[in-house]
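Heads up: the structure comes next, in structure tokens.
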Amino acid sequence: MEFSLPYGKGKLVGEIPSNRAKGIIQADAEAVLAKSYQFSEAEIVENSLLHPIDSPRLSELVVGKDHVVVISSDHTRPVPSKKIMPKIIAEIKKGNPEAEITILVATGTHRLTTHDELVDKYGAEIVKNINIVVHDSDDKENMINVGTLPSGADCEINRVAAEADLLIAEGFIEPHFFAGYSGGRKAVFPGIASRKSVVGNHNGQFIDSKHSRTGMLMHNPIHKDMVEAARLAKLQFIVNVVIDHDKRIVGSFAGDSVTAHLEGTKFVDSIMEAKPIFTDITITSNGGYPLDQNIYQMVKGMTGAEATNNENGVIIIASGLADGTGGDELYHQFKDTDKVSDIYDNAVKTPAKETPQDQWQAQILARVMMKHHVIVVTEPANKQIVEDMKMTYANSIPSALAIADKLVGADASIAVLPDGVSTIIKA
């Protein structure tokens, strides 16, 4: 059985013996997507702006608003901002030609977005003509406390957003491995929050909750904090798209930050839910560039495979890792430990307000590794960091399968989950 996986900006092609192959794990989305493909990407976005959910049009909201701030996803997210942001700007200018527009790049606690990445994301014209501020979660002088979250964490957000006359957000909705879904409220928190606030929310107890999982919003403590943060920040309007596996816009949801986002999550379910195929070996990816740039982000793809791989089985994940580990804190938590289980146990015991940077990602990665053997297919330059973090390196799918066979047997069952990030596994 032949298959292909997104990898970097290309694909990896592989094959598995037909007598061991149990299938491809992917959503049955053809009918829904066929309706979306009847419209161009531009038409999909424009229609959402013309008919916002539970909100006046953006062109009406901006009337009399001098300082409009648009929160926008950063370089780690495959949001097609070149196709979305010009339409948002045009809608703002239609309602208020004199409005001062600032794009606030929601880096969360990631590294700062570079100038070249901004040009790649928005295009040279927007970078030249629109004021762009890249959020720095460690810039304490430019953070303002706007309230307290249900978790008890302070809600500190970027001053640019706090002082806006109108705050809106551009982004996309996809499954998220502990917030349920990306998009909506997540633009504010963690997007433009201080590091102190983010770590308080991403605490070991919340991550440990059975409700902090992909595709779950009900009773999700992390989501609850994020919704309140968006309310405190006065996020008034969102434009969130949904993209397919080829990064094409297939849905757009504009309007109220809560209800428009919820409608978007329902659409995501309709094209991304898939039933598990429980096997001894699960082959997956992190969805290709930009999400497979580093190990920090790669954890997301692993959780998709985690939901369908037999306990004590093998997860093979292909990831380009052009940006290495994605964080020294995550790297050293694994490199400097003797037992991966200690990472998980310590995270659960750590008080929320004492949560160290990247503990949440380490906790989830440890959870996966405690029950599954992880083999990472990546470039030779990444071999050392993969092995330092207690995972197994392979330079190709065939070599990864050869290693897996030694671990679980040459007759072990195999399934392929092409995109471990953008698939919601539900029985």
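Note that the structure is predicted; figures quoted are calculated from it, not measured.
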- Is a side-chain donor-acceptor pair under 3.5 Å present for H261 with N240? no

Distance-only donor-acceptor pairs under 3.5 Å for side chains of residues 377-385, two or more places apart:
{"from": "T378", "atom 1": "OG1", "to": "S319", "atom 2": "O", "distance (Å)": "2.8"}
{"from": "T378", "atom 1": "OG1", "to": "G320", "atom 2": "O", "distance (Å)": "3.3"}
{"from": "T378", "atom 1": "OG1", "to": "N382", "atom 2": "ND2", "distance (Å)": "2.9"}
{"from": "E379", "atom 1": "OE2", "to": "Y7", "atom 2": "OH", "distance (Å)": "2.4"}
{"from": "N382", "atom 1": "ND2", "to": "G320", "atom 2": "O", "distance (Å)": "3.3"}
{"from": "K383", "atom 1": "NZ", "to": "E387", "atom 2": "OE1", "distance (Å)": "3.2"}
{"from": "K383", "atom 1": "NZ", "to": "E387", "atom 2": "OE2", "distance (Å)": "2.9"}
{"from": "Q384", "atom 1": "NE2", "to": "D388", "atom 2": "OD1", "distance (Å)": "2.9"}

- Message: Looking only at the side chains, is there a donor atom on one of T392 and H373 sitting less than 3.5 Å from an acceptor on the other?
- Response: yes

- Message: Is it the case that the side chains of T76 and D74 hold a donor-acceptor pair, with the cut-off being a distance below 3.5 Å and no angle test?
- Response: yes

- Are T214 and Y181 linked by a side-chain donor-acceptor pair shorter than 3.5 Å? no

- Message: Could you check whether any side-chain N or O of D323 sits under 3.5 Å from a backbone N or O of G326, counting only pairs where one atom can act as donor and the other as acceptor?
- Response: no

- Query: Are the side chain of Q293 and the backbone N or O of P290 linked by a donor-acceptor pair below 3.5 Å?
  - Reply: yes

- Candidate pair M85 and I89, rule side chain to side chain contact (heavy atoms under 4.5 Å, CB included), full reasoning: CA-CA 6 Å; M85 193 61 72; I89 293 171; 3.9 Å; yes

- Should the ring pair H110 and H75 be called parallel, tilted or perpendicular, given that the plane angle runs from 0 to 90° and is split at 30 and 60? perpendicular

- More than 12 foreign heavy atoms under 6.0 Å from CD of E15: is that the case here? no

- Message: Is it the case that atom NZ in K93 sees more than 12 heavy atoms from other parts of the structure closer than 6.0 Å?
- Response: yes

- Task: Find out whether P175 and T423 are in side-chain contact, i.e. whether some heavy atom of one side chain is under 4.5 Å from a heavy atom of the other.
- Result: no

- Does the pair E306/R367 count as a salt bridge with the N-to-O cut at 4.0 Å? yes

- Can you find a side-chain donor-acceptor pair between H211 and N220 that sits under 3.5 Å? no

- Message: Do the side chains of R111 and E117 get close enough for a salt bridge, i.e. N-O under 4.0 angstrom?
- Response: yes

- Check: N395/S399 side-chain N/O donor and acceptor closer than 3.5 Å: yes

- Between S4 and K11, a side-chain donor and acceptor under 3.5 Å: no

- Message: Main chain of V45, side chain of S48: is a donor-acceptor contact present, judged purely on distance under 3.5 Å?
- Response: yes

- Message: Testing the 3.5 Å rule here: is there a donor-acceptor pair between the side chains of N294 and T325?
- Response: no

- Message: Evaluate I315 against I375 for side chain to side chain contact (heavy atoms under 4.5 Å, CB included), listing each step before the verdict.
- Response: CA-CA 6 Å; I315 294 173; I375 301 173; over 6 Å; no

- Item | Straight-line distance of R195 CZ to D136 CG, nearest 0.5 Å | 8.0 Å

- Between S257 and Q236, do the side chains contain an N or O donor and an N or O acceptor separated by less than 3.5 Å? no

- Item | Exam field: side chain T355 to backbone V199, donor-acceptor pair closer than 3.5 Å | yes

- Message: Side chains of H67 and D165 only: does a donor on one sit below 3.5 Å from an acceptor on the other?
- Response: no

- Verdict with supporting geometry, K128 and E125, salt bridge (Lys or Arg N to Asp or Glu O under 4.0 Å): CA-CA 5 Å; K128 179 181 178 181; E125 184 175 347; over 6 Å; no

- Query: Is the backbone of I157 close enough, under 3.5 Å, to the side chain of S194 for a donor and an acceptor to pair up by distance?
  - Reply: no

- Query: At what distance, to the nearest 0.5 angstrom, does NZ of K426 lie from CD of E273?
  - Reply: 4.5 Å

- Task: Using modelled atom types only, decide if a donor and an acceptor are shared between the side chain of D244 and the backbone of D246 within a distance under 3.5 Å.
- Result: yes

- Item | T265 side chain to L262 backbone, donor-acceptor under 3.5 Å | yes

- Message: Any side-chain to backbone donor/acceptor pair from S212 onto F206? Under 3.5 Å, distance only.
- Response: yes

- In terms of side-chain geometry, is the basic nitrogen of R57 or E60 positioned less than 4.0 Å from the acidic oxygen of its partner? no

- Item | Ring centre gap for H332 and F334 strictly below 6.0 Å | no

- Message: Is it the case that the side chain of E41 and the backbone of I249 share a donor-acceptor pair, with hydrogens and angles ignored and the cut-off at 3.5 Å?
- Response: yes

- Query: Side chain of S413, backbone of D280: donor and acceptor closer than 3.5 Å?
  - Reply: yes

- Message: Could you check whether atom NZ of K196 has more than 12 heavy atoms from other residues, nucleotides or ligands sitting under 6.0 Å from it?
- Response: no

- Message: side chain to side chain contact (heavy atoms under 4.5 Å, CB included), that's the test. Do M389 and L330 meet it? Break it down for me.
- Response: CA-CA 9 Å; M389 293 183 69; L330 177 68; 3.8 Å; yes

- Query: Going by an N to O cut-off under 4.0 Å, is there a salt bridge joining K94 and E91?
  - Reply: no

- Task: Dump the intermediate steps for salt bridge (Lys or Arg N to Asp or Glu O under 4.0 Å) on E174 and R77, then the final yes or no.
- Result: CA-CA 10 Å; E174 69 169 353; R77 303 294 190 260; 5.4 Å; no

- Message: Set out, in order, the CA-CA distance, both residues' side-chain angles and the distance that settles side chain to side chain contact (heavy atoms under 4.5 Å, CB included) for F3 and L417, then state yes or no.
- Response: CA-CA 10 Å; F3 64 90; L417 173 62; over 6 Å; no

- Item | Check: F178 ring centroid to H202 ring centroid under 6.0 Å | yes

Less than 3.5 Å apart, which donor and acceptor atoms pair up between the side chains of residues 139-149 and the rest of the protein, not counting sequence neighbours?
{"from": "D139", "atom 1": "OD2", "to": "N142", "atom 2": "ND2", "distance (Å)": "2.6"}
{"from": "N145", "atom 1": "OD1", "to": "G147", "atom 2": "N", "distance (Å)": "2.9"}

